[in-house]
Number of protein chains: 2
Amino acid sequence: MTATAQIPLAALASLLADGTRARFCLALLDGRAWTAGELARHAGVAASTASEHLSLLVQGGLLAEERQGRHRYLRLAGPRVAQLLEDLAAHADLAVSAPPPPATLRAAASARAMTEARTCYDHLAGRLGVAVADALTARGLLLQDTGFALSDAGLEWFATRLEVRLTPSGRRPLARGCLDWTERRHHLAGVAGAVLCATALERGWVRRIGSGRALRVTGPGAQALQELLGIENSTGSGTADSAEGPTEDGPAVRSRGDGIF
Amino acid sequence: MTATAQIPLAALASLLADGTRARFCLALLDGRAWTAGELARHAGVAASTASEHLSLLVQGGLLAEERQGRHRYLRLAGPRVAQLLEDLAAHADLAVSAPPPPATLRAAASARAMTEARTCYDHLAGRLGVAVADALTARGLLLQDTGFALSDAGLEWFATRLEVRLTPSGRRPLARGCLDWTERRHHLAGVAGAVLCATALERGWVRRIGSGRALRVTGPGAQALQELLGIENSTGSGTADSAEGPTEDGPAVRSRGDGIF
DNA sequence: CGGACAGTTCGGCGGACGCCGTACGAAGGC
DNA sequence: GCCTTCGTACGGCGTCCGCCGAACTGTCCG
């Protein structure tokens, strides 16, 4: 019996203390399910190595698996895990103040698209995510000064303007602040953040770029954001496909929008 | 160059992945400063071993050190670190559903006192902490349904009833929910939680039991809680000294109160 | 039924790391 | 001044663990 096993905190940290396992978890922060092989290639290790790591992560309660035929799909075990990883990553990245500059043009374009708009597990992040949180706050729908919670008007807004139900599921908070690692400010997470992101994807307000977690705001999306929250088409820079994703990257489909968020 | 060093998340997790270092951090969650020797004895390792570990933790930004004469005092680097540790520990402890029963009578008594009232870094926890959060919520001073934030009335209450200023310091939120690992519900953390705890200690409403983090509510304290928040003297069980602390444990000073929280 | 592919299990190798004891420097009490 | 005490630097030892390749199981497809 090793010493770390008796300290739950150390046992949990051990799971994330390995570079390969950490890469897996960070990749899965896009909120989707990857196959074991995809994760192995993503991290640059042999399939056998990945298999063992994934079993550990599943056993440790960080990942959930779903087997379909000869595939083993893996995703984060739930919002709690996603939040934990976000917090940890945010803290770690703050310590290393200077992230290495992207090595290739393509990576740079991908990074730019990510800073504009992306998913953060199951909610919106990047400039877009922060802009939404700010707009909600400016309109008195979200309280950020004294904590982080929806106001009564905010509840009303979700029900009547957005026309969605916020169902309090389990112990997950309705609204939660999530530190955005590019903007270094909070965006909206929790049930409300998830519902908002899902709604935006369903109604075609945002679309995934390529196979990654970067997002692009569509024309109707820009209009909806303007009408619902008064968010103006801001600071637009080009959009690009993402660098990495659960599917093999096909030929680059690089599009360039004009100032679309 | 090891592989984990290139992944900040993994580098941070590595610091906590060792049982001894984890023990150090958990001990320091009492919010006070320990000397290197005290921590070494607490974890049961040689002084030289502890010294190396502590240097790593300081270098990693988790701990702050302060040298006084021949002593090296160590404390958590700040509220952010404390929160991270709390979250991590809460998650880890949930995974291991059944904590081992206390081995000695004295440890059992200490555990009982801890569940009643204790500090959690710099705020109140245990039954007392949750009771305070609940009372604030019941009176409309704290919003817990739609997130976690003080209401306007809550701000007012701190200013006029408690007669303290809540100064928004840095990026620390005014109010934050912290998962209580004994009650499995939220208690009040953030600036408000810290101010409330400090006030309670200053005005003698609560007192530290022995040298640990367990607290005892005093007579005037019970009265103040009743007047300010309508909290009745609840579920009192005996109080006892704590098992571990930064100072060498002297002779046990076991006191037994009658139903004092 | 056989071939291709996804994933797992196993053995073995090599590096990383946590531990200690010892020796040393520095601060404080007598 | 000497001696005790707290903390640090170093060398060595043992273990743990992450990696791979090879062999095997199971699934899908033709």
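Naming convention: chains lettered A, B, ... in sequence-line order (proteins, then strands); numbering from 1 in each chain.
- No side-chain donor-acceptor contact under 3.5 Å links A:Arg75 to the backbone of A:Arg32.
- Atom CG of A:Leu54 is separated from atom P of C:dG7 by 9 Å (rounded to the nearest Å).
- Atom P of nucleotide C:dT8 and atom CG of A:Leu39 are separated by 11 Å, given to the nearest angstrom.
- Nearest to the side chain of A:Ser51, among C:dC20, C:dC19, C:dT8, sits C:dT8.
- Under 3.5 Å, the side chain of A:Glu52 and the base of C:dC10 form at least one donor-acceptor pair of N or O atoms.
- Taking atom CG on A:Leu16 and atom C1' on D:dG18, their separation rounds to 16 Å, with Å as the unit.
- Rounding to whole angstrom units, CG of residue B:Leu57 and P of C:dG18 are separated by 10 Å.
- Look at CZ on B:Arg67: it is 8 Å from C1' on D:dG7, rounded to the nearest Å.
- Remark: P of D:dG7 and CG of B:Leu56 are 17 Å apart, rounded to the nearest angstrom.
- Listed nucleotides D:dG21, C:dC20, C:dA6 differ in distance to A:His71; the shortest reach to its side chain belongs to C:dA6.
- Side-chain proximity of B:Arg72 to C:dC19, C:dC10, D:dG7: nearest is D:dG7.
- Along DNA chain D, the nucleotide closest to A:His53 and the one closest to A:Arg70 are compared, and the more 5′ of them pairs with A:His53.
- Using cut-offs of 30° and 60° on the angle between ring planes, the pair A:His42 and A:Trp34 is perpendicular.
- Taking the nucleotide of DNA chain C with the nearest heavy atom to each of A:Ala47 and B:Val45, the more 5' of the two is matched to A:Ala47.
- At a cut-off of 3.5 angstrom, counting only N and O atoms as typed in the model, there is no donor on one side facing an acceptor on the other between the side-chain of A:Thr35 and the base of C:dG7.
- When the nucleotides C:dC19, C:dG7, D:dC19 are ranked by their closest atom to the side chain of A:Asp18, D:dC19 comes out on top.
- Using a 4.5 Å heavy-atom threshold, the side chains of A:Ile209 and A:Arg118 count as separate.
- Counting to the nearest Å, the C1' atom of D:dC20 and the CZ atom of A:Arg41 are 17 Å from each other.
- C:dC19 atom C1' lies 12 Å from atom CZ of B:Arg21, rounded to whole Å.
- Nearest heavy-atom pair across B:Ser14 and A:Ala17 is OG-O, 3.2 Å.
- Checked against D:dT8, C:dA27, C:dC19, the side chain of B:Thr49 finds its nearest nucleotide in C:dC19.
- If you check distances only, the side chain of B:Ser48 does reach the base of C:dG21 with a donor-acceptor pair under 3.5 Å.
- Residues meeting the side-chain contact (heavy atoms from CB on, under 4.5 Å) test with A:Arg171, sequence neighbours left out: B:Arg184.
- Phosphate proximity of D:dG18 to A:Arg23: absent, as no side-chain N or O sits under 4.0 Å from OP1 or OP2.
- Listed pair B:Thr20 / C:dC19 meets the phosphate criterion, a side-chain N or O lying under 4.0 Å from OP1 or OP2.
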